[in-house]
Amino acid sequence: MSRRGEDADASGASWLVLRHAAAEGLGLIANALRDLGIHHRYCDAHRGDPLPRDVRDLGGLIVLGGP
């Protein structure tokens, strides 16, 4: 599921953030990504969001921790 950061980065690809718990987020990392012009979208594993079958179009992947 897409959240904020729907746009693509300069390479044309957005980054995927895999979130395992609703309370977890990028925090200060979001500021760094924004400053670099990198847009992201969340995949909420705790809600059952499906993982992408093809990751070749991703600009990057961030895997968050959880409790």
Side-chain angles (χ1 to χ4, degrees):
M1 283 254 126
S2 299
R3 302 289 182 268
R4 88 188 135 127
E6 295 290 325
D7 300 323
D9 65 14
S11 70
S14 65
W15 285 35
L16 182 68
V17 180
L18 182 58
R19 181 166 39 189
H20 294 89
E24 300 298 326
L26 287 174
L28 294 174
I29 296 172
N31 295 337
L33 293 176
R34 184 187 62 242
D35 291 347
L36 293 169
I38 298 171
H39 300 279
H40 63 277
R41 60 186 173 95
Y42 284 99
C43 177
D44 289 328
H46 65 277
R47 292 183 11 177
D49 287 354
L51 295 173
R53 291 190 175 275
D54 187 355
V55 296
R56 290 178 284 185
D57 291 335
L58 293 178
L61 174 66
I62 299 172
V63 180
L64 300 174

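Remember, predicted model here, so these are calculated numbers, not experimental data.
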Tracing side-chain contacts under 4.5 Å among Ile, Leu, Val, Met, Phe, Trp and Tyr outward from Leu61 reaches Leu16, Leu18, Leu51, Val55, Leu58, Val63

Sorted by chain and residue number, the side chain to side chain contact (heavy atoms under 4.5 Å, CB included) partners of Ala21 (sequence neighbours excluded) come out as Glu24, Pro67

Side chain to side chain contact (heavy atoms under 4.5 Å, CB included) partners for Asp54, two or more places apart: Arg56

Given side chain to side chain contact (heavy atoms under 4.5 Å, CB included), test His40 with Leu26 step by step and report yes or no. CA-CA 10 Å; His40 63 277; Leu26 287 174; 3.6 Å; yes

Ile62 and Leu33, any side-chain heavy atoms less than 4.5 Å apart: yes

What one should report as the nearest heavy-atom pair of Pro50 and Cys43 is O-SG, 3.5 Å

Can you name the closest pair of heavy atoms from His20 and Ala45 and give their distance? CD2-CB, 4.4 Å

Within 6.0 angstrom of Leu36 CG, more than 12 heavy atoms from elsewhere: yes

Does Asp35 have any salt bridge (Lys or Arg N to Asp or Glu O under 4.0 Å) partners at least two apart in sequence or in another chain, and if so, which? none

